[in-house]
Structure formats: structure tokens, C-alpha cells
J.: 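Below is the structure I would like to discuss, written out as C-alpha cells.
Lettering of chains follows the sequences in order, A, B, ..., and the numbering in each one begins at 1.
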Amino acid sequence: MRWTRPGFRLSAAPRAAFAFSTECGNVIPENMTPKVNFTGGRRRPWVRPDRELPDTVPYERIRTGNGEVDADMSSPVLKIEDLHVSVDGKEIVRGLDLTVKGGEIHAIMGPNGTGKSTLAAALMGHPRYEVTGGRVTLDGEDILAMSVDERARAGLFLAMQYPAEVPGVSNANFLRTALNARLGEGNEIPVIKFHRMLQEKMKQLGIDPSFAERYLNEGFSGGEKKRNEILQLAMLNPRIAILDEIDSGLDIDALRIVADAVNAVRSPERGFLIITHYQRLLEYIVPDHVHVMMQGRIVKSGDRELARELERKGYDWLKQELGIVDETVGAEV
Amino acid sequence: MAEQAATVSLSLVDGLCDRYQEPEWLRSARQAAFARFVALPSPRLEKTDLTRRVWNAGPFPAAVGTDGLDEVAGLLSALGDAPAVVVRDGVVLRAHLPADLARRGVIFTDLHTAVRDHENLVQAALFQAVDAEESKWAAFNAALWHGGVFLYVPRHVEIDAVFQFVYIHTAVGQGALPRALVVAEDNAKFAYSELYVAAGDVPGDVVHSGVTEVIARPGARVTAAVLSHLRKGPTHFITRRAKVDKDAHVDWVFGDVGDGFTVALIESRLLGDGSRSTLTGVGLGFGRQHLDLTASMVHSGRYSESDMNLRGVVRERANAVYRTRTHIVKGARGAGAEQADRMLVLDPTARADAIPMLLIDENNVQRCGHAASVGKIDENQVYYLMSRGIPRAAAQRMILWGYLEPAVNAIPSPAMREHFRALLDKELV
Ligand SMILES: Nc1ncnc2c1ncn2[C@@H]1O[C@H](COP(=O)(O)OP(=O)(O)OP(=O)(O)O)[C@@H](O)[C@H]1O
Ligand SMILES: [Mg+2]
């Protein structure tokens with residue numbers, strides 16, 4: 001007899017291979033959909049849908065139930081002033097200023113490890129990223145005082161460089177819950193309308209209809225994850241969208257499709273902050289401003305010509321011009 | 001521990017035999033089991049201290065009302081016209097078998113009635129999968145079972161409807177000793193679903209020992225869902241075993257929501273060549289739950305196969321031990337087994353152990369794998385959902401439901417599935 005007890009108390013990282021013998025479709029039954037309340041400290045919900053929720057019109061133009069147009073839903077302003085962010089006690093973003101307004105597209109470029117994703121994560125409120133100084137406001141309201149979900153409902157969106165996988169939660173169920181969270185209690189989107197809208201957006205993005213019932217990002221290829229991020233962008237209609245390397249992992253056709261989708265939701269009521277390494281994306285999504293990040297700050301700003309110049313010449317000339325020896329955060333002496 | 005056993009006496013056994021006018025073979029079996037119960041010492045379990053638990057039960061009510069059943073009213077009405085036996089505190093409230101099923105030779109009734117009306121069938125199968133030698137609590141049940149169910153499906157009969165057995169434990173019951181006997185004749189195919197549910201506060205200082213025996217004869221296909229709401233108060237013992245003959249399949253669905261003190265075993269004995277068994281389980285512990293669960297597959301048939309997939313969640317001060325045990329006996333050539341055991345700990349005060357155990361005595365095994373983990377809700381997942389506007393509590397619920405839902409969906413009875421889902425939902429946060 002040989003008993004083996006391979007693990008006594010195993011901790012942390014769940015393993016990947018847990019296929020249930022019974023597959024199931026949608027995850028949270030209709031009557032169990034989590035109740036979502038507005039907990040944000042804002043004066044009004046950003047989103048007021050009515051019976052006729054148009055598929056592509058930004059929320060701001062949607063009529064409210066009593067027929068009033070919410071005139072306050074104008075162009076957003078995201079204002080970042082002297083932002084400092086630390087991870088595990090190490091300062092990564094070191095005094096960053098940037099203002100993104102509705103209708104504008106800002107591109108952030110820069111070598112690896114210079115703090116681009118850290119900036120994005122801090123804006124969204126990732127718990128590991130500690131803001132140690134500075135201010136960030138959206139339409140004058142302090143974003144940093146809000147929880148992650150409040151920021152999202154205030155209109156901030158981050159397409160992540162590495163989106164999480166959530167087994168057992170279907171894409172459709174997730175999106176509907178997210179959308180309803182933004183719409184607020186009592187304003188939920190009718191199920192049929194939601195599915196119509198979802199299928200249409202998926203079609204536009206070349207996403208197979210089966211992805212609606214697939215579990216959120218689980219087993220998605222790199223490119224499929226990126227498309228799924230853009231699908232969420234298209235569904236949730238944020239006011240400020242931050243796209244972190246949305247072009248990495250995309251094939252040429254997908255890049256075009258994703259760029260088209262982003263262009264389709266460009267509007268005066270929406271501002272973009274696009275983090276990318278490649279000028280190619282910026283040929284499709286033409287930026288108004290291009291910024292270069294090194295050592296946790298914006299070291300140079302320009303227009304789309306700057307991106308072309310970087311593509312041609314790399315970063316060395318810029319480092320020389322600025323007297324930077326090592327651009328990585330924390331690597332400088 | 002003789003002084004503990006003394007809290008119940010042989011007269012309780014005789015009282016039951018008299019009440020149901022049981023045949024002599026059963027009376028002597030009960031008496032022998034009682035002697036066995038008295039003789040067996042209080043067992044020493046590695047993870048569970050039973051020395052201070054009181055072995056008490058009875059007197060058993062002869063009649064019960066229908067008051068105090070509000071918590072299960074929805075469930076009872078949802079059973080509808082499907083075959084159902086409902087027992088409250090040992091007394092039968094309802095026993096329904098649609099006429100067309102009865103015409104096909106199916107027997108589904110409470111176990112006392114079955115002893116009276118189908119004595120030979122019961123005698124041939126009772127105690128075959130779980131006998132009094134098994135454990136002190138199995139002996140306790142063998143001696144004192146009352147309010148049980150008997151399901152018999154003849155050869156080649158395939159039934160789409162789900163056979164449902166509900167045992168309701170309320171303050172009226174002094175302990176609970178349900179016994180289910182499920183017999184699938186050759187090539188029979190059906191699903192059985194049982195639910196032990198507590199309504200209101202159940203008394204402490206008594207024993208609930210439930211036994212389920214599944215006999216799957218050659219080629220049979222049985223889905224057996226065993227669900228429970230094991231509440232604080234009594235000491236709960238659960239013993240469920242299937243004997244799986246040649247080419248037969250038994251698929252277990254285990255579910256528990258509770259804060260009770262429980263020692264539970266679910267086992268398939270894969271006796272026949274080509275026999276198969278799966279176990280899909282889900283557990284949620286809260287309060288001061290103590291759960292000592294062993295899920296076990298014993299392979300002796302050649303090319304027998306098993307798969308276990310358990311998922312547990314503990315919160316508050318719950319302490320759950322999930323053992324997944326696979327034993328491949330010498331001679332079980334070509335056997336294959338896989339086990340996965342995942343535990344989520346929601347609060348720092350809760351505790352979970354996932355203990356995989358493999359015992360392989362046969363060299364010629366086609367597959368034998370295990371995976372076990374204990375962890376917390378992934379904060380990256382929570383962050384991701386929150387970043388789309390979903391509040392933290394709702395995000396956590398979604399993730400938890402995503403984790404539990406597949407097992408809940410495997411429950412064959414819609415009425416029980418919904419009831420169990422609601423129990424889970426209520427206690428999830
Ligand atoms: N969670 C973290 N834990 C430890 N270090 C981190 C973490 N996040 C960021 N860092 C460190 O901060 C620095 C900046 O990382 P960041 O991801 O912001 O760079 P990036 O500009 O987005 O780079 P890339 O172009 O490669 O995506 C790196 O040195 C990185 O290792
Ligand atoms: Mg990055």
C-alpha cells in the first residue's frame with residue numbers, strides 16, 4: 001500500500017485545469033443578477049437611458065425618462081496634475097501633468113518600463129498602485145477619492161494591457177451587469193435590447209457570436225482579449241477611455257477592425273488616452289497629441305509627427321537631447 | 001464511550017419495530033446494529049474531535065403537523081407532479097408516484113411502506129452498500145432509521161422525471177435518521193435527488209445520521225444528487241455509498257450549505273469492469289461550521305473510471321476539510337481517475353483544507369491525476385469587474401457564482417436546484 005498525500009494545505013494560485021463534467025451556459029441566473037446600487041458620491045448618474053436606447057449614440061444625448069435632454073453632459077475634462085504613483089514603495093510615476101478633453105486623442109509612447117501602464121492603473125484605481133501626490137479630476141471632481149467602480153461609473157474606462165480571466169462568468173452576463181451598473185437601479189436595459197445591441201457590436205468587431213456566452217476572457221487568445229476590451233468600450237460608452245497597448249497581439253486585420261471601432265466612437269463627448277509602442281496604430285487612429293514618457297514623466301510632447309519621428313529614429317536621439325542615460329524608472333542613479 | 005451510548009436505549013429500537021410492525025429479520029438486524037453502535041468506541045478522526053458530541057436521539061414523534069414549514073413551502077409546492085417523497089421529522093407528509101411510472105414497475109415510496117409491501121426487494125438490497133460495521137454513526141442509523149425512502153427501477157426502464165426525496169428536520173424532531181435505498185436494475189436509467197433541509201431552529205445535542213445506499217446493477221445509469229442544509233445544533237453524520245456494477249455509471253452531485261458540525265462520506269465502489277462514477281460537489285460553510293468531508297472512489301473493476309470535482313467556499317469562522325480519495329485496488333487494470341478540489345476562503349477567520357489522497361496498488365493505470373488548491377478570491381478579477389462599474393460586493397458575488405454555478409446546474413431536480421441556489425445565494429456574503 002502506498003498512500004501519497006501530495007498536498008496538505010495548499011495555498012494561493014488556483015490551478016487552471018478545472019473542467020466540470022457539466023458545462024453550463026449563462027452563469028448568473030436572471031433572478032440572481034447582482035443588485036447594483038449607485039454608491040458613487042456624484043450628483044447625478046451619468047447615464048439616463050429611456051425606452052429607446054440607441055445603439056451608437058453616446059449616453060449624453062439620450063433623453064431622460066421625462067423627455068429632458070441632460071444639458072450637463074458636455075465635453076469631459078480629465079485633468080492630471082503633478083501625479084506621483086508608487087508600487088510596493090517604489091515611486092514609478094514621478095510628477096506627471098496631462099489634460100485630456102472630450103474630442104481629443106492623446107497618444108502616450110515610450111520605452112518599456114517607463115511607467116505608462118502604471119499611470120493607467122493608477123487612474124483606474126488599481127489597489128496596488130498608490131498615489132503619493134498630485135491631483136486627478138474628471139470635470140472637476142476628484143477621481144482619486146472614488147473607488148474603482150465609482151470611477152468607472154463616472155465615465156472612466158481602461159482597456160487593460162493584461163485583462164483578467166473570470167471563469168464561470170459569461171461575457172454577456174458580465175457586460176449586462178456592468179451596463180446596468182452604469183445605468184443605475186430602475187434604469188436597467190431590457191434583456192432583449194441588450195442582446196440585440198451586444199450582437200450588433202460583436203459583429204462590428206468581427207467577434208464570433210458564441211463569445212457572448214463564453215466565460216469572460218477565459219481561454220481567449222491575446223487578440224481576442226483585446227477585441228473584447230474594445231467591445232466593452234463600445235458597449236459602456238465611457239467619457240474618458242484609456243487604451244493600454246490595445247494593438248499588441250492583434251493581427252493586421254484585427255488592428256484595422258479595432259481602430260475602426262475606436263474611430264466609430266470618437267465624439268466630442270469622449271476623450272482618449274492611447275498607450276502604444278507602434279506608430280502603425282496611430283496611422284489608423286490619428287492622435288491630436290503625442291507624448292513620450294521616460295522615467296515616470298512626460299518628457300516630450302508633440303503632434304502626430306513626433307510619433308513618425310520616433311518610428312524612424314527610435315528613442316536614442318530624444319534621450320541624448322534630454323540628457324537621459326537610462327529611461328527606465330528607477331534605473332537612473 | 002458507553003456512558004454516551006446510554007442516552008439512547010434498545011427500547012427505542014423496539015418501539016420503532018413495533019410501530020411499523022417490522023418483520024423479524026429487520027428487527028434482529030436493527031438490534032444487532034444497536035449492539036454494534038454501543039460496542040463501537042467514539043471514533044478518533046484526524047481532523048474532527050467527536051469526544052464531546054452527545055449520541056442522543058428520540059423519542060420520535062408518531063405524528064407531525066404542517067406548521068413551521070414556511071422556509072420550505074416554496075420548495076414543496078415546486079415539487080409539482082414529479083415523483084416525490086416528503087418526510088418531516090421521520091413522519092411521511094407526502095408520497096407521490098405518477099401512475100404511469102407505477103405501471104412501468106417503478107417503486108417509489110417511504111422505506112417503511114416498502115418493507116411492508118415489497119419486503120423481498122428491500123431485504124435483498126438494504127445494508128448492502130452501507131452496513132452497521134461501517135462506523136458508529138452508520139450503526140446508529142442501521143438501528144434507528146426511520147422516515148426513509150425506497151426507489152426501485154426495473155430492468156431496461158428509463159425515466160426522464162427526477163425522483164425527489166425531501167427530509168425536513170424541525171424542532172419537533174429529536175434527531176434525524178433518514179435512510180435512502182436506491183436500486184437500479186440492469187440498464188435502468190434515471191435521476192434521484194434528495195435534500196435534507198432544516199426548517200427553523202433544530203435542537204442541539206441530538207444526532208442526525210443520514211444514510212444513502214445506491215445499488216447500480218450492470219449497465220445502469222444513475223444520477224444521484226445529495227443535497228443538504230446542515231445547520232448548527234445536531235451532530236451530523238452523512239454516509240452515502242454507491243455500488244457500481246459492470247458498465248454501470250453513477251454520477252453524484254453533492255451540495256451543502258450550512259454552519260453545522262458534520263462528518264460526511266460519499267463513496268463509489270467501482271466493482272464492475274467498465275464501471276464509472278463522477279462526483280460534482282459544491283459546499284458553502286459559514287458561522288462556526290465544522291465540515292469533515294471525504295469524497296472517495298474505490299476502483300476494483302478493470303477499466304473503471306472516476307472523476308471528482310469539488311468546490312468549497314468558507315466564510316466567517318467556518319472550518320472545512322475536503323478530502324478527495326482515490327483508491328485503485330490491485331487488479332483494477334486500466335482504471336482511470338482524476339480529482340480536483342478547490343477551496344475559496346473568504347474571511348481571514350475561516351479555514352479550509354484540501355487534502356488529495358491517492359492510493360494506487362495497480363501498476364497498469366491509464367490516468368490518475370489530482371489538483372487541489374486553497375485560495376482567496378482573486379483581487380485582479382475583482383478589480384477588473386469593478387473597473388467596468390460593478391461595485392465590489394456585486395463583483396465578488398459574480399465571481400463566486402461563476403465558481404459555484406456549474407455544480408449547482410448539475411442538480412437534476414429543478415425544484416431542489418432553485419431551493420439550493422437560494423440557500424447559497426442567501427449565505428454567500
Ligand atoms: N505591480 C508591480 N509590481 C512591481 N513592479 C511593478 C508593478 N507595476 C509596475 N512595476 C514596475 O514599474 C516600472 C514601470 O512599469 P509599467 O508597467 O508602468 O511600464 P510600461 O511603461 O507600461 O512598460 P511596457 O511598455 O513594457 O508595458 C517597471 O519597472 C515595472 O517593473
Ligand atoms: Mg505597459
Side-chain angles (χ1 to χ4, degrees), chain A residues 1-15 17-25 27-29 32 34-37 39 124-128 147-153 156-158 160 163-170 173-175 177-179 181-182 215-217 232 236, chain B residues 251 253 278-280 307 309 311 327 340-344 351-361 369-376 378-410 418 421-422 425:
Chain A
M1 299 264 269
R2 56 177 209 279
W3 281 98
T4 60
R5 293 179 49 163
F8 219 106
R9 177 176 312 234
L10 298 132
S11 62
R15 307 210 184 169
F18 282 96
F20 270 94
S21 55
T22 41
E23 278 298 5
C24 69
V27 166
I28 296 189
M32 293 283 164
K35 275 271 176 280
V36 175
N37 297 310
T39 50
M124 198 68 241
H126 191 294
R128 279 196 66 182
S147 61
V148 176
D149 55 313
E150 286 167 354
R151 293 177 200 204
R153 295 197 302 270
L156 207 58
F157 179 89
L158 169 60
M160 298 189 193
E165 301 189 3
V166 191
V169 174
S170 78
N173 180 36
F174 156 68
L175 269 168
T177 309
L179 189 54
R182 286 207 64 189
Y215 293 151
L216 182 51
N217 292 329
Q232 294 169 40
L236 297 176
Chain B
D251 296 311
V253 182
T278 65
L279 185 147
T280 305
D307 281 281
N309 200 326
R311 294 191 170 196
H327 184 180
D341 186 358
R342 263 187 84 177
M343 310 283 295
L344 275 186
R351 229 186 103 135
D353 287 287
I355 308 176
M357 304 168 93
L358 304 173
L359 172 57
I360 303 162
D361 297 324
H370 70 87
S373 69
V374 177
K376 293 189 227 168
D378 183 343
E379 273 304 316
N380 266 324
Q381 293 178 343
V382 176
Y383 165 69
Y384 186 69
L385 298 188
M386 286 178 76
S387 80
R388 302 308 186 236
I390 302 170
R392 172 171 285 274
Q396 287 182 331
R397 269 179 105 74
M398 280 186 92
I399 293 164
L400 284 174
W401 267 114
Y403 170 80
L404 298 173
E405 184 79 13
V408 175
N409 281 342
E418 290 321 306
R421 201 195 294 282
D425 197 59

J.: Compare every heavy atom of B:Met398 with every heavy atom of A:Asn173, then report the nearest pair and how far apart it is.
T.: ND2-CE, 3.8 Å
J.: Which atoms of A:Leu216 are under 4.5 Å from chain B, going by heavy atoms: the side chain, the backbone, both sets, or neither?
T.: side chain
J.: At what distance, to the nearest 0.5 angstrom, does CZ of A:Arg182 lie from CD1 of B:Ile390?
T.: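 Interatomic distance, A:Arg182 CZ to B:Ile390 CD1, rounded to 0.5 Å: 12.0 Å.
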J.: For A:Asn217, enumerate each residue passing the side chain to side chain donor-acceptor pair (under 3.5 Å) test, keeping only those at least two apart in sequence or located in another chain.
T.: A:Asn228, B:Tyr384
J.: Let's test your reading of the structure: which of A:Arg128, A:Arg151, A:Met124 forms the most heavy-atom pairs below 4.5 Å with chain B?
T.: A:Met124
J.: Do A:Thr177 and B:Leu385 have side chains that get closer than 4.5 Å, going by heavy atoms?
T.: no
J.: Please find the pair of heavy atoms, one from B:Ser387 and one from A:Ala152, that lie closest to each other, and give the distance.
T.: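 Heavy-atom minimum between the residues: O-CB, 3.3 Å.
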J.: Applying side-chain contact (heavy atoms from CB on, under 4.5 Å), name anything that partners B:Arg392, two or more places apart in sequence or on another chain.
T.: B:Glu379, B:Val382, B:Met386, B:Gln396
J.: Taking all non-hydrogen atoms of both residues into account, name the closest pair between B:Gly389 and A:Ala181 and its distance.
T.: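 Reported closest heavy-atom pair: O-CB, 3.2 Å.
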J.: Applying side chain to side chain contact (heavy atoms under 4.5 Å, CB included) to B:Arg388 and A:Leu175, what does each step give before you reach the verdict?
T.: CA-CA 8 Å; B:Arg388 302 308 186 236; A:Leu175 269 168; over 6 Å; no
J.: Which heavy atom of A:Asp149 sits nearest to which heavy atom of B:Pro391, and what is that distance?
T.: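 Where A:Asp149 meets B:Pro391 most closely, the heavy atoms are OD2-CA, 3.2 Å.
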